[in-house]
Amino acid sequence: MTELLERLSSGDEVYKPDNATMSVATVKDYESVYRESVKDPQKFWSDRAKELDWFKPWDKVLDWNYPWAKWFVNGKFNICHNALDRHVKNGLGGKIAFYWVGEQGDKKQITYSQLLTEVRKFSNVLKKLGVGKGDKVTVYMPRIFQQIITLLACARIGAVHSVVYSGFSSGALKERIVAAGSKVIVTADGGFYKGKITELKKIADEIKGECPTVEHVVVVRHANSFTEFTRGDLDWDELMREAKDDCECEVMDSEDPLFILYTSGTTGKPKGVLHVQGGYAVGVYTTVKWVFDMKQEDVFWCTADAGWITGHSYIVYGPLLNGATSVIYEGAPTTPDPGRFWSIIEDLKVTIFYTAPTAIRLLMKSGDKWPAKYNLSSLRLLGTVGEPINPEAWLWYRKVTGEKPIMDTWWQTETGMTMITPMPCVPLKPGSATKPFPGIIADIVDEKGNAVPINKGGYLVIRNPWPSMMRTVYNDPDRYLKYWNTIPNVYMAGDVAHSDKDGYFWIMGRSDDVIKVSGYRLGSAEIESALVSHPSVAESAVIGKPDAVRGEVIKVFVILREGQTPSEELKEALKKHVRTEIGPIAIPSEIEFVTWLPKTRSGKIMRRVLKAKELGLPVGDTSTLED
Ligand code: PRX
């Protein structure tokens, strides 16, 4: 193992794709493409953008008024046209856009032309409900075709979607609906996960009355779970039966908003990361094509949920813009057994498989016998995303899938597309996301912005704008500015990283109070405010604690209100409370009752001191700690 690790880490492993039709087929190509791309990023990106259809070309590639960017200025565009109509027009109508596999083993498929028809119909439904350009639609759905149809229909008519992951509960859902000011909620009676049904409509009902902007709730009947329809509720099937299938794409400006996606930051309030039609499309189109070397005959499976950015970019928009065939699986990786992922790969002859390190570690724990049962020879390329992957998991993933190259892609909700990532031709080192994508200038710096020496940890930053960067934080431009003015002249990602002698990037984790639990992004402050909303809690502090499978788990320190007594029952009650306020993904693994929390003199909880103590590490500078 050590020898293999050393060999791999030396960068001797090179994957040469067969019949490479891509622009970047060798390391030399990568190096020269990269060099040229950063000399003139505008040329690089406009060459990529020309591969898509524009109703009217742009006048100017980039308008960069630091830190506000406009890409493809005055270009007229529609991402839905490019994802569907363009392919149907070019003869791909009969091609399968998506295979769907349910947790109970049921299967479906949908072609590009069928998807286009459904999207046109649902676009008309939305219009009939009074949804137009710029209106917000909250999508709270399981992984089903209707989820994708809803997103594309919004894009088609210029409405702005705001997807809330179906693992969030009523508190988080309400906060996101109210913040976006959504006119319509699209949901389902329920979704399947680990053999259970999550009753989404019921959860939405709990808070519907507290969301004054919501006029209608459209409900897909999917899980056969009983759903009472009340005022404002509409049945998807009924609406679709009556809808016409002729809806032209709205002509959008490149810079018109496409979606808002709420994500966790350092304060309790989630941030509405806003992406736009044109630049976002160019970024995700290009990265699917180059990083995953996407070919017409590929079957691509990204195991994420469209509730997160990975699903937006690499289930919905990126693959469709490439005319690819993708897989959607509604369910857990270990249901009914740990062979589930592998059996789907065998069955659908998946060629490119993109998943999270947590899923790999979970399957690794179940042993080699599960992947060994299946024929995985269709696979040619692998990917990971969402959190650092440890070399052991990387090697196992590679071994059980027949030594295929792994694209360890680093990026964020805010970046829209993969930013530091291998391409199939770049030599790999297990645990490194390798090098920046063409057009991207990444660096590692100290808090003043000075580059740090190799092998020394520092803040991961991006030095130049890129087309799929978020344009703002919705209704909170100051929070957007913070990314670009915390360290002078650069975008600060919020991660710590180091680089090595070969210029490879090694992402070490977050530098702030964002926690990654099984790859899900959560904020310490968000969980703390959920806890203090419980009547027994006076104060709380939340830290992420390393975990061998889930990357991090949530540990909570709680000071109880006077008169409250610590007990196991209270711990359970607090877990339940967090579940209702945020969702099952935020349930703490550990709760400790304390009588004191380390704070600065200005009253800010010093989570880093708690974390250091918890992990038995030096607590570092405590000069600001109150007495
Ligand atoms: O800490 C980094 C981690 O995930 C964060 C972004 O989370 P989110 O916005 O939810 O997007 C996740 C999917 C793109 C980053 O700041 N992260 C993401 N990819 C990697 C990673 N950490 C290490 N290696 C990665 N490949």
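Ligands are counted one by one from 1 in listed order, and the atoms in each one are counted from 1 as well. Everything quoted here is computed from the prediction, not taken from an experiment.
Protein heavy atom nearest atom 12 (C) of ligand 1, with residue, atom name and distance: K516 NZ, 3.5 Å.
Atoms OH and OG1, on Y30 and T434 in that order, are 6.5 Å from each other to the nearest 0.5 Å.
Ring-plane geometry between Y480 and Y483 is classed as tilted, the angle between the planes lying from 30 to 60 degrees on a 0 to 90 degree scale.
Residue contacts with ligand 1, taken as heavy atom pairs separated by less than 4.0 Å, involve T310 solely via side-chain atoms from C-beta onward. Contact annotation: for P388 versus ligand 1, heavy atoms closer than 4.0 Å belong to both the backbone and the side chain. Looking at V514 against ligand 1, nothing comes within 4.0 Å, counting heavy atoms.
Inclusion of T384 in the set of residues having an N or O under 3.5 Å from an N or O of ligand 1 is not warranted. In terms of polar-atom proximity, D408 is counted as a contact of ligand 1, with an N or O under 3.5 Å from an N or O of the ligand. An N or O contact shorter than 3.5 Å links G386 to ligand 1 by distance.
Of the possible polar contacts, none joining the T138 side chain to the I185 backbone as a donor-acceptor pair under 3.5 Å is found. Q277 places a side-chain N or O within donor-acceptor distance of the main-chain N or O of I79, the cut-off being under 3.5 Å.
When all heavy atoms of P436 and F505 are compared, the pair lying nearest together is CD-CE1, 3.8 Å.
Each of the following atoms of ligand 1 lies closer than 4.0 Å to a heavy atom of R510: 1 (O), 15 (C), 16 (O). Of all atoms in ligand 1, numbered sequentially from 1 with element shown, those under 4.0 Å from a heavy atom of R521 are 6 (C), 7 (O), 8 (P), 9 (O), 10 (O). Contact atoms of ligand 1 toward D495: 1 (O), 2 (C), 15 (C), 16 (O) (distance under 4.0 Å to a heavy atom of the residue). Every atom of ligand 1 is numbered from 1 in the order shown, and the set under 4.0 Å from a heavy atom of I507 is 22 (N), 23 (C). Within ligand 1, counting atoms from 1 as listed, the ones closer than 4.0 Å to a heavy atom of W411 are 6 (C), 14 (C), 15 (C), 18 (C), 19 (N). Those atoms of ligand 1 with a heavy atom of V385 less than 4.0 angstrom away are 13 (C), 14 (C).
Ring to ring, W301 and Y99 are not that close: their centroids are 6.0 angstrom or more apart.
Residues passing the salt bridge (charged side-chain N to carboxylate O under 4.0 Å, His left out) test with K456, sequence neighbours excluded: none. Every residue two or more places apart in sequence or in another chain that forms a ring pair (Phe, Tyr, Trp, His ring centres under 6.0 Å) with F300 is listed here: F292.
Across the listed options D512, T415, T413, T413 owns the non-hydrogen atom lying nearest to atom 8 (P) of ligand 1. Of the options Q412, H312, E387, M407, the smallest heavy-atom separation from atom 21 (C) of ligand 1 is shown by E387.
Side chains of Y354 and T409: a donor-acceptor N/O pair is present below 3.5 angstrom, by distance only.
Looking at Y317, Y280, W71, Y474 one by one, the single match for ring-ring contact (aromatic ring centres under 6.0 Å, His included) with H275 turns out to be Y280.
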